[in-house]
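Below: one structure, written as structure tokens.
Residue numbers start from 1 in every chain, and the chains themselves are labelled A, B, ... in the order their sequence lines are given, proteins ahead of strands.
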Amino acid sequence: MSDRPVLIHLEHVSKSFGNSLVLDDLDLTICKNEFVTLLGPSGCGKTTTLRIIGGFERPDSGRVIFQGEDITGVPANKRPINTVFQKYALFPHMTVEENVAFGLRIRKKSREYIREKIDYALKLVNLEGFEKRMPKSLSGGQQQRVAIARAIVNEPEVLLLDEPLGALDLKLRQEMQYELIRMKNELGITFIYVTHDQEEALTMSDNVVVMNQGYIQQEGSPQKIYDEPENAFVADFIGDSNIIRSTMVRDRLVNILGIEFECVDTGFGENRPVDVVIRPEDIVLAPEREGALNGEVTDVIFKGVHYEMCIMTGDFEWIVHSTRRSEPGSGVSISVDPFDIQIMNIPESEDEEAVKLDI
Amino acid sequence: MRDRAVNFITRFYLLLIFLFLYSPIAVLMVLSFNDSRSRVVWGGFTLKWYERMFTSPHITDALVTTLALAFFASLLAVLIGFPASFGICMLRRSGRSVMMTLVNIPLLDADIVTGISMMLFFMRFMELSFSSVLIAHTVFCIPYVILALMPRVEAVDWTPYESALDLGATQPYAFLRMVMPQLYSGIISGFFMSLTMSMDDFAITYFTKGAGVNTLSTMIYGEIRKGIKPELYALSTVIFMAVLILLLAVNVATRKKGGETGEGRAY
């Protein structure tokens, strides 16, 4: 993300509605031509962040810097930013064509220019031939495409997308994910995408910003967020995970549930309590007594690609993904590669603690 | 057998209700075509009372006053009630219920109290005239406009407004294009309710009107003291028909709209 020039910078942005603080001293940098996803549970402040960038909310404090200029007080209609709203927000009394042309007509573009742009945009979203239809006669997915077309004809520098796929069914959602990536590459503009769906975030983004309770929990590439979560909230929110309170014995050695495991992390000190994250698919199962930790299978669910198993070792329940089924009640043994053990600091501040309890 | 009896009784009852409601009006309508000043003798069919009605400056003046008063009072009430509904909607719960109670008081208050208090108020500050009646009518019409508009304002979908802003529209333009269409039916029903209330009013008009200003209701009241003239039958028939047609038109219009959007009728 650092090799691209900075486009938007939110500086110490705070916002509250009534008594509830939605964003607390948020700092966020978004680079040009990046696909950024704000990911988090509902009420985490992601939509408010988007609305502040779009100009629909004013922060209580802090600044919004766009290409080096302070645009905090600039109204939505004067920003080179367009939004695709959650509920599409198409104009119900206008045809598809009129919807798409709305922004261009306001900018008093020539008739030929508008015609050309409509054709281009509808082609981009695969809706050629729908010009004269009314929004009501379109399916959810089609309406969403019209909303995207309506936004991009204005050639914005940034496209904001507020859970645009939320109302679509699974199959359509997956198709649209590919479509969005394609559109982003074709248009070459910045996408800021808000979702609570971690799969969407991981699939499409260059950069994922995980948010909770008005704070940024972690920022980074999808791989980094998944493989190296910085705290228990991120680990738990992104994918399934086993989070175990453990002790860091020394560099590269951690004591998990009384057994010492080799790991690759350093710099956590000696004999310090830490949280350990191990992804369910990273756990290697072996016959009883052949691995590091012995346990008993308590539950097995078939998930299609793999089996999801619950394994009790002592009083800790592990979630394990494996393509091989072990019978409930049978004894197994668990081991983990050093690379697959992710060490995290235990939250210190109250805010971070609150985050953890909220999971 | 029993069903049939019940059916008959309910229908008969309904018929009775309509008979009581409408037979006096029917008698009046018949009398308006009666070529005789007597109320009990049928002297043959005539349209002369209608002719006299339209040539009597007395009546036509009152008609013009009534219509002008109703129109302008409703217009002013909409202009004032429209921003008021938005204001009340933006209030928090406690402030809103206080405002709504204040708005409702003039509706529940006896007309005669409103009328007399307004008269006293106007006499202190201005001459009683057409404008004092206009102010009085506007004031008592505002609550009707607010009542008709509030549910619409509350139900406004602001997302098209926001997308219009997002696409570069100015706030007034976005409001006009995206929010107003959602409010037209509320504005129209508020306007027509005001119109009806204004034309219907007697007490408040009677106390706040200046000398020489007469609406139909105050004019008829004055005339009746001198004895009932058959012209008044004709006038009442015309008013009744006008209101009936207006009501039917509004009903048909709102039903058509309601079918499209799945909403109920306004009346």
Side-chain angles (χ1 to χ4, degrees), chain A residues 17-19 47 50-51 53-57 74-94 98-109 114 117 121 134-136 143-144 146-156 158-164, chain B residues 82-83 86-99 149 151-189 253-266:
Chain A
F17 294 109
N19 292 325
T47 295
L50 198 75
R51 289 174 62 81
I53 297 172
F56 300 109
E57 305 283 356
V74 176
N77 52 345
K78 299 275 192 304
R79 296 189 182 193
I81 295 173
N82 286 117
T83 310
V84 176
F85 291 88
Q86 194 166 7
K87 288 182 285 174
Y88 321 140
L90 295 181
F91 306 134
H93 50 293
M94 298 185 191
E98 286 164 348
N99 263 283
V100 176
F102 189 86
L104 299 173
R105 294 218 170 115
I106 281 176
R107 289 200 184 88
K108 306 241 181 327
K109 301 287 187 190
I114 293 176
K117 272 288 177 187
M134 296 304 280
K136 225 181 279 175
Q143 290 187 33
Q144 190 55 271
V146 176
I148 293 169
R150 186 178 65 176
I152 59 174
V153 285
N154 305 294
E155 299 178 341
V158 184
L159 189 66
L160 308 179
L161 302 109
D162 185 6
E163 306 221 15
Chain B
F82 182 75
F86 272 89
I88 295 172
C89 266
M90 304 296 165
L91 287 174
R92 292 193 190 171
R93 193 173 295 166
S94 57
R96 181 191 291 207
S97 57
V98 169
M99 279 312 290
L149 260 177
R152 303 284 170 171
V153 174
E154 263 169 8
V156 164
D157 177 6
W158 288 95
T159 47
Y161 170 77
E162 286 195 339
S163 5
L165 287 186
D166 186 70
L167 295 168
T170 58
Q171 288 181 342
Y173 183 75
F175 187 85
L176 219 62
R177 287 295 300 273
M178 302 305 160
V179 180
M180 282 305 277
Q182 301 182 52
L183 298 174
Y184 285 146
S185 63
I187 291 173
I188 289 170
S189 71
T254 48
R255 186 176 306 174
K256 210 182 263 173
K257 197 121 198 224
E260 254 175 43
T261 55
E263 286 169 323
R265 279 182 290 148

Q: State which residues pass salt bridge (charged side-chain N to carboxylate O under 4.0 Å, His left out) with A:Arg107; sequence neighbours excluded, sorted by chain then number.
A: none

Q. Checking B:Ala164 against chain A: side chain, backbone, both or neither under 4.5 Å from a heavy atom?
A. both

Q: For residues 77-90 of chain A, pull every pair meeting salt bridge (charged side-chain N to carboxylate O under 4.0 Å, His left out), keeping only residues two or more places apart or in separate chains.
A: none

Q.
Within this structure, what is the CD-NE2 distance for the pair B:Gln182 and A:His93, rounded to the nearest 0.5 Å?
A. 9.0 Å

**Q.** Heavy-atom closest pair, residues A:Phe91 and B:Ser163
**A.** CE2-OG, 4.0 Å

Q: For B:Glu162 and A:Phe56, work out which heavy atoms get closest and say how close.
A: O-CE2, 3.4 Å

Q: Could you have a look at B:Asp166, B:Thr170, B:Thr159 and say which one has the most heavy-atom pairs with chain A under 4.5 angstrom?
A: B:Asp166

Q: Let me know if A:Asn154 has heavy atoms under 4.5 Å from chain B in its side chain, its backbone, both or neither.
A: side chain

Q. Heavy-atom distance under 4.5 Å to chain B: side chain of A:Leu160, backbone, both or neither?
A. neither

(Q) One pair to check against side chain to side chain contact (heavy atoms under 4.5 Å, CB included): B:Tyr173 and A:Asn77. What are the steps and the verdict? (A) CA-CA 11 Å; B:Tyr173 183 75; A:Asn77 52 345; over 6 Å; no

**Q.** Contact listing (chain B partner; residues 98-105 of chain A; heavy atom under 4.5 Å)
**A.** A:Phe102, A:Gly103

**Q.** side chain to side chain donor-acceptor pair (under 3.5 Å): pairs with one or both residues in residues 87-96 of chain B, sequence neighbours excluded
**A.** B:Arg96-B:Glu154

Q. How far apart are the closest heavy atoms of A:Ile106 and B:Ala169, and which atoms are they?
A. CD1-CB, 3.3 Å

